[in-house]
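Note that the numbering runs from 1 along the sequence shown for the chain. The analysis underlying the following values was restricted to heavy atoms, covering all of them including side chains, and did not include hydrogens, waters or symmetry mates.
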Amino acid sequence: MTTAQTQELDVQPTPLALLLLGREADPRSERGVECPGDLPSPSDPDLVERARAAKEKLGDKVFVLGHHYQRDEVIQFADVTGDSFKLARDAAARPEAEYIVFCGVHFMAESADILTSDDQKVVLPDLAAGCSMADMATAEQVAECWDVLTEAGIAEQVVPVSYMNSSADIKAFTGKHGGTICTSSNAKRALEWAFQQGEKVLFLPDQHLGRNTAVRDMGMSLEDCVVYNPHRPNGGLTADELRAAKMILWRGHCSVHGRFNLDSVNDVRERIPGVNVLVHPECRHEVVAAADYVGSTEYIIKTLEAAPAGSKWAIGTELNLVRRLANRFAPEGKEIVFLDRTVCFCSTMNRIDLPHLVWALESLAEGNLVNRIEVDKETEAFAKLALERMLALP
């Protein structure tokens, strides 16, 4: 993966002044692990009007994508909302849009660039909007892991399955080695396909989604799973452990979903009698096992849409989405709370704030291309191959 070279005259990096407008926006800080303890401040009315004016000036030339975890001040300008893969496909379905402004994080913008035409330009309002999970698996680390599997004599038996929440480099590795991509909605189907191709799966980069899908949905045991730690020699595993495993899980996780634990579940059940616990499969296995319902972001939304009036729900996913759903369904008498007592939103998602969005839209309206996300052709070809295998899943 390469981002468009910043020295090109028509592409400018995010100004440092804009970086400093966001919370915990130091680009040198560890991404996605801080928990500020409060939600972003309300929108500046002047910025709201500026964003609206710039978007109207651009007209059909711009298509704004808003991930479910974005702030309300940003989501109000999205032409479509959804999870990362849905948004990337939505962008590909709008070939007349010259600019795709992706209000999400870096790997999502990469996926949009892979799936859209060469004539379309994908823009990420803040280049510092990364993903801690995606950052936990680099191309070099995964290549070293494959060498370890080769030395153990099992590489030919292993099929890589990579979560959508991964970099273009990791998607390309997956495509090059005969594997597929998955989302949290189709992880079971992806694993079933992979086990038809080989005897073992290397699941990247979220260990929890891999473990939960294998054990909860496919009937494997926890003993069938081992965790490969890229920061330890040979992943911290012996050759015998690798040979015995069915699921080789990469040691990665979502910094938001990983915060929830069994105490969170027990505490909310004690505080709210009759509550339904609904969590994302990126949560720890102990949380998923203790929950009443488990599913993707779209599943969570649809479950709440179908829930009866007066029902009570504790949701284990990103805070901005939970707050939005709580407000949406409150008139229907549905009580919706965040699973954890600690207020914690996805800090990297929240880097895309109104100042950055206004700057990106106004720059485009003035004819200046900024913060373009561009995947090199070889990486794109292999990544698209892996994505196409996912799309072909039964």
Exercise. Does A245 offer a backbone N or O that forms a donor-acceptor pair with the side chain of K200 under 3.5 Å?
Worked result: yes
For this session: State, yes or no, whether a side-chain contact exists between T297 and H280 at a heavy-atom distance under 4.5 Å.
Result: yes
Problem set entry | Electrostatic pair D292-R269, nearest N-O below 4.0 angstrom | yes
Problem set entry | Heavy-atom check, side chain of N165 versus side chain of E282, under 4.5 Å | yes
For this session: Scan side-chain atoms only and decide if H68 and T81 contain a donor-acceptor pair under the 3.5 Å cut-off.
Result: no
For this session: Using salt bridge (charged side-chain N to carboxylate O under 4.0 Å, His left out) as the criterion, list what pairs up with R216, not counting sequence neighbours.
Result: none
Problem set entry | Side-chain donor or acceptor of E49 paired with backbone N/O of P45 under 3.5 Å | no
For this session: Name all residues meeting the ring pair (Phe, Tyr, Trp, His ring centres under 6.0 Å) criterion together with Y299; count only those two or more places apart in sequence or in a different chain, and write none if there are none.
Result: none
Exercise. H177 side chain to F173 main-chain N or O, any donor-acceptor pair under 3.5 Å?
Worked result: yes
Problem set entry | Distance-only polar pair, side chains of S347 and N350, donor-acceptor under 3.5 Å | no
Exercise. Would you find a donor on one side and an acceptor on the other, under 3.5 Å apart, between the side chain of T180 and the backbone of M390?
Worked result: yes
For this session: With sequence neighbours left out, write down each residue that passes ring pair (Phe, Tyr, Trp, His ring centres under 6.0 Å) with F107, or none if nothing qualifies.
Result: none
Problem set entry | Results of ring pair (Phe, Tyr, Trp, His ring centres under 6.0 Å) for Y228 - residues two or more places apart only | W250
For this session: For the residue pair D267 and S264, confirm or rule out a side-chain donor-acceptor distance under 3.5 Å.
Result: no
For this session: Find out whether E378 and F382 are in side-chain contact, i.e. whether some heavy atom of one side chain is under 4.5 Å from a heavy atom of the other.
Result: yes
For this session: State, yes or no, whether a side-chain contact exists between M247 and D224 at a heavy-atom distance under 4.5 Å.
Result: no
For this session: Using side chain to side chain contact (heavy atoms under 4.5 Å, CB included) as the criterion, list what pairs up with S162, not counting sequence neighbours.
Result: S166, I170, T174, I181, L204
Exercise. Does I75 reach the side chain of C103, with side-chain heavy atoms less than 4.5 Å apart?
Worked result: no
For this session: With sequence neighbours left out, write down each residue that passes salt bridge (charged side-chain N to carboxylate O under 4.0 Å, His left out) with E286, or none if nothing qualifies.
Result: none
Exercise. Would you say V288 and V215 make side-chain contact, with heavy atoms under 4.5 Å?
Worked result: no
For this session: If the plane angle is over 60° it's perpendicular, under 30° parallel, otherwise tilted; pick one for W313 and Y293.
Result: tilted
Exercise. What distance do M133 atom CE and L209 atom CG have between them, rounded to the nearest 0.5 Å?
Worked result: 7.5 Å
Problem set entry | D44 and R50 ion-paired at < 4.0 Å | no
Exercise. If we ignore angles and hydrogens, is there a donor and acceptor under 3.5 Å between the side chains of D135 and S132?
Worked result: no
Problem set entry | Side chain to side chain, L304 and R328, heavy atoms closer than 4.5 Å | no
For this session: Decide yes or no for T183 and E298: does some side-chain heavy atom of the first lie under 4.5 Å from some side-chain heavy atom of the second?
Result: no
Problem set entry | Euclidean distance, C182 SG relative to F85 CZ, rounded to 0.5 Å | 11.0 Å
